[in-house]
Amino acid sequence: MKTSIATVSISGNLREKLEAIAKVGFDGIEIFEQDFIADEGTPKDIGQIVRDHGLEITLFQPFRDFEGLTGEARDRAFDRAKYKFDTMSELGTDLMLVCSSVHPSALGGIDRAADDLAELGAIAADRGLRVGYEALAWGRHVNDHRDAWEIVRRADHPNIGLILDSFHTLARKIDPNTIRRIPGDKIFFVQLADAPLIDMDLLYWSRHFRNMPGEGDLPVQDFMQAVVATGYDGPISLEIFNDQFRGGRPESLARDGYRSLISVMDDVRRAEPDISIDLPQMPERVRVDGIEFIEFTTRGDDAKALAAMLSSMGFTHAGDHVSKKVALWQQGDIRIILNQETTGFASSAYTMHGTSVCDIGLMVEDATATSERAIALGASPFNQSVGPGELEIPAIRSVGGSVLHFIDEASGLVDVWSVEFRGTSAQSHGDAGLSRVDHVAETMNYDEMLSWSLFYTSIFDMHRTPMVDVIDPDGLVRSQAIKARNGAARITLNGAETHRTLAGSFLADSFGGAVQHVAFSTDDIFSTARQMAVLGFRPLPMTENYYHDLRARFALDTPQLDELKALNILYDEDERGSFYQFYSKPFQGGLFFEIVQRVDDYDGYGAPNAPFRIAAQKRHMRPKGMPRR
Ligand SMILES: O=C(O)c1ccc(O)c(O)c1
Ligand SMILES: [Mg+2]
């Protein structure tokens, strides 16, 4: 399978784009006219530079408003095409994309367009070039791949073929299975893009909101299954017009593109086992069974304060690492690691971010398969020299530069706690009934959300739930949960658009995306809250107004409300169940903890409570009378 990406899909100047595209492993590029016109090199130079990067120019595009013209305008369109053919020969590419005309004088007529293309095909053939015809979703007369195919069929010229673009087909809700009736050898090129479902003008949607396959809501996989069924075996190319991406980092965009393309093609291969697709083998998405540990890097007073906080939440200092300054704190199935090493990864993470979560351990079905899949999808392996008596646990770099470890039952990696840790004589002050990690909340720039969600959903058997808006008094934060299919692991991604939000100021202080809070679950939140109070835990205080409003919104009786209020517990419910939550006060750098109880099948995170919780946290963080930043 030949992988390709249009140069419009990523940010930077042409040279930066080529560097990034080559580095992450693509085979070729669609060169966008604007990109090469803006470059100072001659077409010959540029072609050479592309090839020096080990890339091939799979397509030259776009050539617009060609078909359906008459008289002088028609002659002029042919002259323009010949001129561009010269450029293509110099660049060293043999395929031109002609997109369906939006010209006000284009007449329409399938046979007229077919005749125009046949004539162009003859000119192209003389020069050893080919032309692919693509239906733009907003084309004046041709806006459906089925009509474009009829034109190509009637043009009946070996140098004229069809170009398919998932966006144009799927945005118009055209059944992608109609592609199955097109002969594979008449499809000259295939472009892939996804997009979020938004009801808007097709052209505007296409030029500003496309995203990588798997990042949006279109059935790109169904489209690709239909394409491979035709026998098409040419390049599969990403063509993503996206405003956000234009300002992104070239290499991360290219990496996301590569990850999305390989991942969707792997899905296609699994869904169409009878069709051979030339793609390296990789394990399928791996089941995540839980969050096995959360590791903080910390030092000095911060470490003491964090330990005191854990202690007040009912955690016990259960063990110390055999050779490192690493402590294990435990309660129920929750393991928190406090790493105070002054060398190695945790130490450099401390230098960069201060006290923060530097490593998360996921319990997975198969740890080795997980890291193999992640690496096949472009993740970087993480290796740190293994000390005497330590287990070699597979790990990768996660999106924000932190580390993800994979632990499984089958290979004995789960024994790490007894192998690497020795119990302490620390007395337990009493368990508060916390049983497991409910979710980990990661905060990032809004622009990075797609990248993080693609990371989790392409590597793991996890899926996205719809985005919700969280209203911070100082701006909007978007929140999207990623959930393992059995609900055993949940990660929420919170995208901040301004640094004045609680999430945004955390982001600014932590120098990059990171875990902002961890939520633990209990089966009896009232009992947990009371026990934690005895242990010295001070919850985030909620307002009287909040509880007045609860009474209006839900059928709660006075004793229930009084109890919620006394313990500063927030409440939510939906058709599926009910939800209780309370928070710690923000800790060092804005980190905090949350305690939750899910009743029945409640699947959310208490989003309606977020504005009140955030306002309370901000009151706590900002000394009285201080103007805000
Ligand atoms: O938005 C456009 O004009 C445009 C141009 C070329 C394409 O391949 C495409 O899908 C859209
Ligand atoms: Mg296209």
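For this chain, numbers begin at 1 and follow the sequence in order. Counting starts at 1 for both ligands and their atoms, following the listed order.
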Can you check whether H439 and Y605 have ring centres sitting under 6.0 Å from each other? yes
How close does the nearest protein non-hydrogen atom get to atom 6 (C) of ligand 1, and which residue and atom is it? Q61 OE1, 3.0 Å
Should the pair R130 and F188 be classed as cation-pi, given the thresholds of under 6.0 Å to the six-membered ring centre and 45° from the axis? yes
For the Mg ion (ligand 2), which protein N/O/S atoms are closer than 2.8 Å? E134 OE2, D165 OD2, Q191 OE1, E239 OE1
Do T42 side-chain atoms and D45 backbone N/O form a donor-acceptor pair below 3.5 Å? yes
Look only at the side chain of R172 and the backbone of A137, and say whether a donor-acceptor pair between them is shorter than 3.5 Å. yes
Which residue holds the protein heavy atom closest to atom 11 (C) of ligand 1, what is that atom called, and what is the gap in Å? L136 CD2, 3.5 Å
Starting from atom 10 (O) of ligand 1, which protein heavy atom do you reach first, and at what distance in Å? H168 NE2, 2.7 Å
Would you say the side-chain atoms of R210 pair up with the backbone N or O of G216, donor to acceptor, closer than 3.5 Å? no
Plane angle bin for Y204 and F209 - parallel if under 30°, tilted between 30 and 60°, otherwise perpendicular: tilted
Under the side chain to side chain contact (heavy atoms under 4.5 Å, CB included) criterion, do L59 and T93 qualify, and how do the steps go? CA-CA 7 Å; L59 181 72; T93 180; 5.7 Å; no
Please could you name the atoms of ligand 1 that Q191 approaches to less than 4.0 Å, counting only its heavy atoms? 8 (O)
Would you mind telling me if ligand 1 is within reach of the side chain of L203, the backbone, both or neither, using heavy atoms under 4.0 Å? neither
What closest approach, in Å, do H157 and K186 show between heavy atoms, and which atom pair accounts for it? O-NZ, 3.1 Å
R478: which of N494, V470, V468, D469 passes side chain to side chain contact (heavy atoms under 4.5 Å, CB included): D469
Using a 4.0 Å cutoff against the non-hydrogen atoms of E134, which atoms of ligand 1 qualify? 6 (C), 7 (C), 8 (O), 9 (C), 10 (O)
Closest protein heavy atom to atom 1 (O) of ligand 1, given as residue, atom name and distance to 0.1 Å: R207 NE, 2.6 Å
For atom 7 (C) of ligand 1, find the nearest protein heavy atom and state the residue, atom name and distance (0.1 Å precision). E239 OE2, 2.9 Å
Min heavy-atom dist W138 to ligand 1 below 4.0 Å: yes
With nothing but distance in play, are any N or O atoms of S206 less than 3.5 Å from an N or O of ligand 1? no
Can you tell me if E30 has a non-hydrogen atom under 4.0 Å from ligand 1? no
Can you tell me if H145 and T178 form a side-chain donor-acceptor pair at under 3.5 Å? yes
Which atoms of ligand 1 sit under 4.0 Å from any heavy atom of L97? 8 (O)
Taking all atoms of both residues into account, what is the closest heavy-atom pair of G25 and T3, and its distance? O-OG1, 3.9 Å
So, regarding R64 and ligand 1 (criterion: nitrogen or oxygen to nitrogen or oxygen, under 3.5 Å), is there a contact or not? yes
Mind checking whether F167 and W205 have ring centres under 6.0 Å apart? yes
